[in-house]
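See below for the structure under consideration.
Below, chains carry the letters A, B, ... as their sequence lines are ordered, and counting in each starts from 1.
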There are 2 protein chains.
Amino acid sequence: MITPNCDVKAKFMRGFSEKTRLQILDAIRHEEKTVSQIVDELKGNQSNISQHLACLKGCGIIVSRQEGKFIYYSLRNHHIIELLNVLDVVFNEVEREVAACEKNDELDGCTRK
Amino acid sequence: MITPNCDVKAKFMRGFSEKTRLQILDAIRHEEKTVSQIVDELKGNQSNISQHLACLKGCGIIVSRQEGKFIYYSLRNHHIIELLNVLDVVFNEVEREVAACEKNDELDGCTRK
DNA sequence: CACAAATATTAGCGAAGGCTAATATGATGA
DNA sequence: TCATCATATTAGCCTTCGCTAATATTTGTG
């Protein structure tokens, strides 16, 4: 309602719209982790992960705290955790539905042909 | 869990990560609407809206039905509706927190400086 | 202080995304 | 059948994004 600021909301949502970022969120879902832990776990590139962490932080999805030379990242608060849970449920439902009901070729979203 | 297919999930989420698409979802949130209704409401470009609708449909977020020469779009199911509701709640919380707590310059997510 | 580990930042490249204008398709009705 | 309305598709342009490699910054340690 009230014509929400879709611009800001879109930026917030963009945090969840990329594979690596989703994997990061999954990795720190239940416990905070350091950058190198995440890098190891995802077998990713340090620079790349670092950039995605910055993105997620900028989106307000995660927070960080420093401890010595380590920086721990975790989900911002319980709202985000709940959101991830709801997302999973909804996604599973929709995935099933889309996969099952529709012979419809394109699950592929907006990609160009 | 089970290392979900983040690739597909990311595509699903991408549907929610763009201003115009969020506006469309808002427009059809409570009732199905035709393309032209949406175009009018958003004061948008027909081609543009049509493309975003195709994207949302491809993501499994909305569905369409034809009635004469009109095509009505609506949210796929109640799960999506719930999801939008949860998103609003969480976003409001986070928006406040991010805006308030952090003097942190970047609310702007991953954008380059 | 010098060095090493942990993380962040920058630059540059190629791919994907979003927009507009133009054109195509499909349905209706005279 | 022709004209028109509703929608979809295509092409081209420009911007944004994600990745890698290289470099910088910060912190702890000998």
Side-chain angles (χ1 to χ4, degrees), chain A residues 6-7 10-25 27-28 32-59 62-74 104-106 108-113, chain B residues 6-7 10-25 27-28 32-59 62-74 104-106 108-113:
Chain A
C6 290
D7 238 326
K11 267 167 190 163
F12 173 66
M13 294 307 293
R14 224 170 57 66
F16 300 94
S17 71
E18 205 270 338
K19 181 186 182 176
T20 306
R21 288 197 290 274
L22 287 178
Q23 291 178 152
I24 291 175
L25 293 177
I28 63 174
E32 61 175 11
K33 287 187 182 150
T34 69
V35 178
S36 25
Q37 278 181 297
I38 299 172
V39 169
D40 286 355
E41 204 163 310
L42 303 197
K43 294 181 186 30
N45 170 300
Q46 184 267 320
S47 165
N48 188 18
I49 299 291
S50 202
Q51 287 175 73
H52 280 302
L53 286 168
C55 173
L56 287 166
K57 192 175 176 185
C59 292
I62 64 178
V63 292
S64 62
R65 79 182 174 83
Q66 181 151 13
E67 189 176 310
K69 58 178 173 178
F70 293 95
I71 298 191
Y72 287 87
Y73 283 92
S74 55
N104 195 346
D105 22 23
E106 34 195 339
D108 61 337
C110 331
T111 344
R112 291 266 177 88
K113 292 97 207 176
Chain B
C6 290
D7 237 327
K11 268 166 188 162
F12 173 66
M13 294 307 294
R14 225 172 54 68
F16 300 95
S17 71
E18 206 271 339
K19 181 185 182 176
T20 306
R21 289 199 288 273
L22 286 178
Q23 291 177 151
I24 291 175
L25 292 177
I28 63 174
E32 60 175 10
K33 287 185 183 152
T34 70
V35 178
S36 25
Q37 279 181 297
I38 299 171
V39 169
D40 285 356
E41 204 164 309
L42 304 196
K43 293 181 188 33
N45 169 300
Q46 185 267 321
S47 166
N48 188 18
I49 299 290
S50 201
Q51 288 175 72
H52 281 302
L53 286 168
C55 173
L56 287 167
K57 193 176 176 186
C59 291
I62 64 177
V63 292
S64 62
R65 77 179 176 86
Q66 181 150 12
E67 190 176 309
K69 58 180 175 176
F70 294 94
I71 298 193
Y72 287 87
Y73 283 92
S74 55
N104 195 344
D105 22 20
E106 33 196 337
D108 59 337
C110 331
T111 343
R112 293 268 177 85
K113 291 96 208 175

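In this structure A10(B) satisfies the side-chain contact (heavy atoms from CB on, under 4.5 Å) test together with L22(A), sequence neighbours excluded. In this view, S74(A) and E32(A), V63(A) satisfy the side-chain contact (heavy atoms from CB on, under 4.5 Å) rule, not counting sequence neighbours. Listed by chain and number, the residues in a side-chain hydrogen bond (donor to acceptor under 3.5 Å, both in side chains) with N48(B) are H52(B) (sequence neighbours excluded). A search for side-chain contact (heavy atoms from CB on, under 4.5 Å) contacts involving E67(B) returns R65(B), Y72(B), not counting sequence neighbours. S47(A) pairs by the side-chain hydrogen bond (donor to acceptor under 3.5 Å, both in side chains) definition with Q51(A), not counting sequence neighbours. Residues satisfying the side-chain contact (heavy atoms from CB on, under 4.5 Å) test with K69(B), not counting sequence neighbours, are none. Contacts of F16(A) classified as ring-ring contact (aromatic ring centres under 6.0 Å, His included), with partners at least two apart in sequence or in another chain: F12(A).
For the helix from dC1(C)-dG30(D) to dA30(C)-dT1(D), the rotation axes defined at the first and last 5 base pairs enclose an angle of 10°, given to the nearest 10°.
Distance from the side chain of Q51(B) is smallest to dA21(C) among dA8(D), dT7(C), dA21(C). Considering only side-chain atoms of N48(B), the nucleotide from dT7(C), dA8(D), dT20(C) that sits closest is dT20(C).
R21(A) contributes a side-chain N or O that, together with a main-chain N or O of R14(A), makes up a donor-acceptor pair within less than 3.5 Å.
Rounding to whole angstrom units, CZ of residue R21(A) and C1' of dG18(D) are separated by 9 Å. Per the geometry, CG belonging to D40(B) stands 9 Å off P belonging to dA6(D), to the nearest Å. Regarding K43(B), its NZ atom lies at a distance of 19 Å from the C1' atom of dC19(C), rounded to whole Å. Here the P atom of nucleotide dG18(C) and the CG atom of L42(B) are 15 Å apart, to the nearest Å. Look at CD1 on I24(B): it is 11 Å from P on dG18(C), rounded to the nearest Å. Rounded to a whole Å, the CZ atom of R65(B) is 18 Å from the C1' atom of dG26(C). Atom CD1 of I49(B) is separated from atom C1' of dA21(C) by 16 Å (rounded to the nearest Å). N45(A) places its CG atom 15 Å from the P atom of dT9(C), with the value rounded to the nearest Å.
OP1 or OP2 of dC19(C) lies within a sub-4.0 Å distance of a side-chain N or O belonging to T20(B). Distances shorter than 4.0 Å separate some side-chain N or O of H52(B) from OP1 or OP2 on dC19(C). Contact annotation: Y73(B) does not reach the phosphate of dA6(D) (side-chain N/O to OP1 or OP2, under 4.0 Å).
Note on S36(B): only backbone sugar-phosphate atoms sit closer than 4.0 angstrom, heavy atoms only; bases stay farther off. Y72(A) comes within 4.0 angstrom of no nucleic acid atom, judged by non-hydrogen atoms across all strands.
The shortest heavy-atom contact between A27(A) and K33(A) is O-NZ, 2.7 Å.
Taken from CD1 in I38(B) to CD1 in I71(B), the straight-line distance is 11.0 Å, to the nearest 0.5 Å.
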Practice task
Produce a footprint string for nucleotides 22-27 of chain D: one letter per nucleotide, 5' end first; B if the base is under 4.0 Å from any protein heavy atom, S if only the sugar-phosphate is, - if neither.
Solution key: B----S

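Annotation: of the two residues near DNA chain D, E67(A) and S64(B), the 5′-most nearest-nucleotide partner is S64(B).
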